[in-house]
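All heavy atoms count here, side chains included; hydrogens, waters and symmetry mates do not. Throughout, protein chains are lettered first and strands after them, A, B, ... in sequence-line order, and every chain is numbered starting at 1.
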Amino acid sequence: MREINLQLLFAALLQRIKWIILFTALGGILLGGYTYFFVPSNYQSEVQMYVSNYKDLTEEDSSSVSINGLTASQSLVNEYIVIIENDMVIDQISAELRKHNYVFGNKLIRKIMDLSSVDETAMLSCKVTTSDPVLSKAVCDAVAKVVPEVLKETMDIGSVKVMAPAEEGTIMGPSRTGKAILGAAIGFVLSVGGIFIIFMMDNTVWNEQELKRRLDNITVLGEVPTILDENNTKKRKAKGDK
Amino acid sequence: MAEKTSSGTNYEHGSNFRVAEAYRTIRTNLLFTLANADSNIVVVSSAEPSAGKSTLVANLAIVMAQTGARVVLVDADMRKPVLHRSFRVSKSNGLSKVLGGLLTLDEAICLSVAQNLDLIPAGSIPPNPSELLGTERMKKTLATLSERYDYVFIDTPPIGVVTDAMVLSPAAAGIVLVARQKHTNYDDLQDTVEAVKQADGNLLGVVITDVRQEGMGYSHYGRYSRYSRYGRYYKSRYYRSYEYRYVAQKENENG
C-alpha cells in the first residue's frame, strides 16, 4: 500500500478532476431528478384556534380577566392537544372527513396532523401536511369543526374560536434544489473517496523521488517522458514493444 | 539515425526534444557509473514485461554511439526478440545461430544500423535460450565484442519472468533495470533488485519510462519544458524541418 503523500495525493486528485466533476454532476442530477419525478410534493394547511378558559363572559365581566386566568389558558393548551389526539376525537375527525368522501384511518390522521401551541400562548395550531393541497385543507376544516365542540364538552371550555378558516395547502417540499445539492455532495465525496482508495492501493512506480524513498535510495539514471506524436498525444504502444 | 518504426518510436523526432534530452541525461549518468567498472558490457532488463526495455536500450545505444564511441547492441531476448524490427534487419541470422555454432559472429553482426552502432539480432527463436546464454561460446562472444567495441548493450528478457539476464551479469559491468510509470509494481521491482543482489550482480541503476509529468508530483511545466525552446531554436537555425537529423543523415548518405 502506498504511503500517504499529500503532494502526490493532490496530484492524483487533480489528474482525475474530470471524474470528480462527472460524479458530482451525476449525483446532483440523479438525486435531483429522482426527487423531481418520483417524490411527491408536500402541501401544508394550518388552522389556528384560540382557546379561552372563561365561560359566559359578559361585557361587565371582561374587565375582571386576571393574569392567572391568562396563564391558565396558556398552560392548558398541551392538555387540549392530548385530548385531541385521543381516539375518540380522531374518530370524529375521521367521520367528518368521510362525509366529504375522504377515508382516513386514525393512525394516518395522527401522522399528518401536527398540533402545537403558538409561541406558548393560548393559541392552538393544527398543521396538516399531505401530498394534495385540497386534502390538507379538508382535514384542517374537519379539525376546526370537531375540536371546538369536543373541547367545550370535555373540558368545559369557555370558548374555542377559529381565527381563520384553513386555506389550500402551500407547498412545503421536498426541496429539489436542496436534494440536488445533497446529491452533488454525495457524488463529490464518493468520487474523492474512491480516488483516495485507488491512490492508496496503487503500488506502481510514480516518480523518481518516491522510487528512491521506497527502494533505499536506489540509483535512478533518469526518466524518459512519454513519447508524443506530432499532435502531442501519446503514441500508442506499438506491436512488439516490450 | 533510427526513424519511426512499427515496433516503437525511436526518439529522434524534433517534437520530442524532452525525450532526446532525457536519453542524453541517462547516457551521462550511465557513463559516470561505468567509469570505474571493469567491463564495458551493460545488461538491460526489467521486472516485468512491457516496461519499455527494448525501446530504451535501442535509444540508449543510439545516443551512446552519438558520442563517437563504437557501440554494439545485442538482442539476447531470444524468447521475444524485437530489436530486428526497430532497425529493420532480418531476424533469421542472429545470436541464436552464433551460439548454436551455425554462424560466425561476423556473419551475424548487422553493421551500421545507425551511426557508430552495430546490431546483433536475436536470430531464430531456439528451444533453450537460457542454456545458450550460459554456454562458453556466449562468454567468448561477449569477450570478443567487449574488445572490439567501446560499449556493449544487451537486451534481455524481464528478470521477473526468466533469469536470462542473471546468466549474463557476471560478465557485465552491471544491470540497468527499466521501470514504467504506473505500470511497474514496487513489490516486483524490489524483488528484482533483491534477485540481482543475491546473484552478486551489480545494479547500475533504474530508468523510469513513459513518464507523464502532469499530475505526478512535478510542477505544471515539467522539468524539461524550459529546454524545449532550444529544440525549436536548433530547428529553425540550422534546418527547415523537424527531422533535421534525419535530413542530415540522408544528405550524408547521398554524398
Side-chain angles (χ1 to χ4, degrees), chain A residues 1-21 191-192 195-196 198-242, chain B residues 5-9 11 13 15-16 18-19 22-23 25-30 33 46 49-56 59 77 80 82 85-86 155 157-158 176 179-187 189-190 193 203-218 222 224 242:
Chain A
M1 188 177 282
R2 182 181 295 281
E3 298 168 351
I4 295 180
N5 182 315
L6 289 178
Q7 186 185 14
L8 287 182
L9 176 59
F10 188 65
L13 289 171
L14 271 182
Q15 199 182 23
R16 292 174 176 85
I17 191 74
K18 289 178 187 171
W19 287 102
I20 294 174
I21 293 172
S191 60
V192 170
I195 291 170
F196 178 76
I198 291 171
F199 170 80
M200 293 302 291
M201 300 300 291
D202 183 2
N203 200 31
T204 59
V205 173
W206 273 39
N207 60 24
E208 178 181 345
Q209 288 82 2
E210 199 189 27
L211 179 61
K212 282 184 173 176
R213 196 173 62 245
R214 293 282 295 260
L215 265 65
D216 296 328
N217 266 331
I218 198 169
T219 302
V220 177
L221 296 174
E223 296 171 325
V224 181
T226 303
I227 296 174
L228 302 174
D229 60 16
E230 289 86 355
N231 297 323
N232 274 346
T233 55
K234 181 181 175 181
K235 277 202 170 296
R236 288 174 181 270
K237 178 175 173 294
K239 185 179 175 182
D241 192 16
K242 293 186 295 180
Chain B
T5 69
S6 62
S7 67
T9 301
Y11 78 96
H13 189 285
S15 61
N16 280 297
R18 292 194 299 175
V19 176
Y23 277 109
T25 301
I26 295 168
R27 174 188 66 191
T28 304
N29 291 335
L30 186 61
T33 61
S46 62
S50 301
K53 179 172 43 59
S54 296
T55 304
L56 177 94
N59 286 317
D77 187 350
K80 202 178 168 189
V82 295
R85 264 185 262 154
S86 294
D155 184 21
V176 172
R180 189 170 160 194
Q181 187 187 61
K182 299 197 80 179
H183 180 271
T184 302
N185 192 285
Y186 275 116
D187 292 336
L189 191 60
Q190 179 73 58
V193 170
L203 185 63
L204 295 174
V206 176
V207 176
I208 306 175
T209 59
D210 201 17
V211 172
R212 277 180 173 269
Q213 294 181 339
E214 298 82 18
M216 289 294 124
Y218 294 112
Y224 291 115
Y242 277 108

- Message: Test your reading of the model: is there a side-chain donor-acceptor pair from Q181(B) to the backbone of V205(A), 3.5 Å cut-off?
- Response: no

- Task: Compare all side-chain heavy atoms of E208(A) with those of V206(B) and state whether any distance is below 4.5 angstrom.
- Result: no

- Task: Supply the atom-to-atom distance T219(A) OG1 to L204(B) CG, rounded to the nearest 0.5 angstrom.
- Result: 8.5 Å

- Note on the structure: CG of D202(A) to NZ of K182(B), rounded to nearest 0.5 Å, is 6.0 Å

- Contact class of S46(B) relative to chain A, heavy atoms under 4.5 angstrom: neither

- Message: For the residue pair T226(A) / D210(B), report whether a side-chain donor-acceptor contact shorter than 3.5 Å exists.
- Response: yes

- Separation of N185(B) CG from N203(A) CG (nearest 0.5 Å): 4.5 Å

- Option in V176(B), T184(B), L30(B), T209(B) with maximal non-hydrogen atom pairs under 4.5 Å from chain A: T184(B)

- Item | From T25(B), V211(B), I26(B), residue fulfilling side chain to side chain contact (heavy atoms under 4.5 Å, CB included) relative to V224(A) | I26(B)

- Query: So which of I208(B), V207(B), D187(B) has the largest heavy-atom pair count under 4.5 angstrom toward chain A?
  - Reply: I208(B)

- Note on the structure: With sequence neighbours left out, the residues meeting side-chain contact (heavy atoms from CB on, under 4.5 Å) with L215(A) are L211(A), I218(A), Y186(B), L189(B), Q190(B), V193(B)

